[in-house]
Amino acid sequence: TMDWESQDDGFIAALLVEDGASNIDVNTPVAVMVEDEASVAAFKGVTAADLAGSGKKAFPPSSQGDKSQSAPKQEKAASSVQQAPRTSGERVVASPYARKLAAEAGVDIADATPSGSNNQVVAADVEKLIASGGSKQKSAAPAAGKQEANRGAPAPGQQGGGAEVPSRRDGGFTDTPNTNIRRITAARLLESKQSIPHYYVTSTVRVDKLMALRKQINDALAASGGGKLSVNDFIVKASALALRDVPEVNSAWMGDFIRQYDDVHVSVAVQTPHGLMVPVIRNTDRLGLSDINAEVKMLASKAKDNKLTPDQMTGGTFTISNLGMYGVHDFCAIINPPQVCILAVGGAVEKVVSAPGGGFEAALFINATLSCDHRVVDGALGAQWLQAFKKRIESPLEMLI
């Protein structure tokens with residue numbers, strides 16, 4: 001989801017869809033907006049079904065005097081379209097807001113006399129039922145009638161207005177509705193794997209010097225009350241500098257041409273409860289390690305709270321996916337189009353290697369795998385970028401200059 005600033009001033013008089021609703025058709029009314037606050041009360045309990053059933057715009061006059069005169073007319077119109085009560089066992093058709101009112105009041109919505117179009121129960125019908133002291137919801141129903149009653153209820157995983165909710169565990173499995181983010185991610189990744197000719201190059205990178213420098217910097221930061229740099233901060237910085245060293249990788253496939261970017265904007269994959277998000281760190285090559293650390297923390301926090309803006313999620317020129325913190329040693333990531341490369345980084349592993357003066361010593365290594373779009377980045381070019389990245393990681397002091 002994302003915020004959209006209203007182009008007009010006014011007051012929200014009624015919300016016509018449930019919070020979090022999805023798959024809403026274009027041109028479907030979602031809210032009623034009025035110019036003055038005094039008109040808000042006139043729309044109490046109104047639903048999309050109420051507006052659709054009238055066939056006319058339901059905007060009342062703003063003055064209090066006119067509103068008192070229009071109320072009897074509205075009630076008269078509502079009574080004129082009242083329909084006969086349904087027979088026992090007949091499917092209950094009701095607006096989402098009407099169901100919500102009935103559930104909150106604990107009344108059986110089946111006892112409401114429908115006045116909406118197509119024999120639909122609307123909010124006004126439920127309010128009348130509540131005022132008349134309508135019967136409470138039935139705690140149990142015969143098995144034969146239960147299936148029929150459920151036909152009018154929302155499907156598992158959906159509210160009446162189409163909002164996604166966790167579904168109940170039933171019959172040995174759990175159905176979890178996909179969020180909008182997960183649906184979009186799935187579509188983009190499927191398109192990427194089907195349409196982009198991926199190939200992969202992997203390099204083993206020694207990180208002893210990086211780990212030692214990181215400890216030294218973090219000790220200094222701790223003494224001054226600062227935060228801590230992560231290994232990922234160095235990886236992001238080294239990737240950005242490698243894109244400066246091999247600028248052809250900082251490109252996008254545009255169909256009829258290849259676009260090479262002047263600026264370096266690194267995207268970082270972040271796992272959230274809503275699905276995978278890839279916020280963008282702007283001008284990454286120009287930022288210091290502390291700036292990158294602060295930016296990553298801020299973007300990751302906003303991603304997990306589902307508060308990223310469109311500007312923070314678009315415009316990346318290269319992506320990094322780091323699973324080292326999960327104990328993963330190496331993996332291959334899927335390219336995020338229109339970008340042409342993504343770097344997959346695993347966790348550090350200690351190995352015994354030959355020492356320069358003879359004998360053996362322990363050393364830390366990470367595996368870095370670059371996924372490349374062969375339409376833009378040929379094998380030799382991908383290898384050159386990985387060499388540049390390795391050089392930056394194994395000579396970490398250069399990142400501080």
Requested in this report: Apply side-chain contact (heavy atoms from CB on, under 4.5 Å) to the pair F318 and S267, showing each step before the final yes or no.
Outcome: CA-CA 6 Å; F318 183 90; S267 305; over 6 Å; no

Flag side-chain contact, heavy atom, 4.5 Å: [X] against [Y]:
| X | Y | answer |
| --- | --- | --- |
| V249 | L381 | yes |
| R282 | V264 | no |
| M33 | F11 | no |
| F365 | V353 | yes |
| L400 | I217 | yes |
| L213 | L397 | yes |
| K228 | L221 | no |

[X] bridged to [Y] by N-O distance under 4.0 Å:
| X | Y | result |
| --- | --- | --- |
| D291 | R286 | no |
| D245 | R392 | yes |
| D208 | R206 | yes |

Examine the side chains of [X] and [Y] and answer whether a donor and an acceptor come within less than 3.5 Å of each other.
| X | Y | value |
| --- | --- | --- |
| N367 | T202 | no |
| T113 | D125 | no |
| T317 | N250 | yes |
| S230 | D233 | yes |

Query raised in the report: Mind checking whether H198 and Y200 have parallel, tilted or perpendicular rings, split at 30° and 60°?
Result: tilted

Query raised in the report: Take atom CD in E37; do more than 12 heavy atoms of anything else shown fall under 6.0 Å from it?
Result: no

Query raised in the report: Considering residues, nucleotides and ligands other than K304, do more than 12 of their heavy atoms fall under 6.0 Å from its NZ?
Result: no

Report task. For the pair Y199 and V377, evaluate side-chain contact (heavy atoms from CB on, under 4.5 Å) and give the outcome as yes or no after the intermediate values. Result -> CA-CA 10 Å; Y199 76 90; V377 180; 3.6 Å; yes

Query raised in the report: Got a donor-acceptor contact below 3.5 angstrom from the T28 side chain to the I24 backbone?
Result: no

Query raised in the report: Between Y261 and R259, does a side-chain contact (heavy atoms from CB on, under 4.5 Å) hold up when you go through it step by step?
Result: CA-CA 6 Å; Y261 296 104; R259 174 173 293 163; 3.7 Å; yes

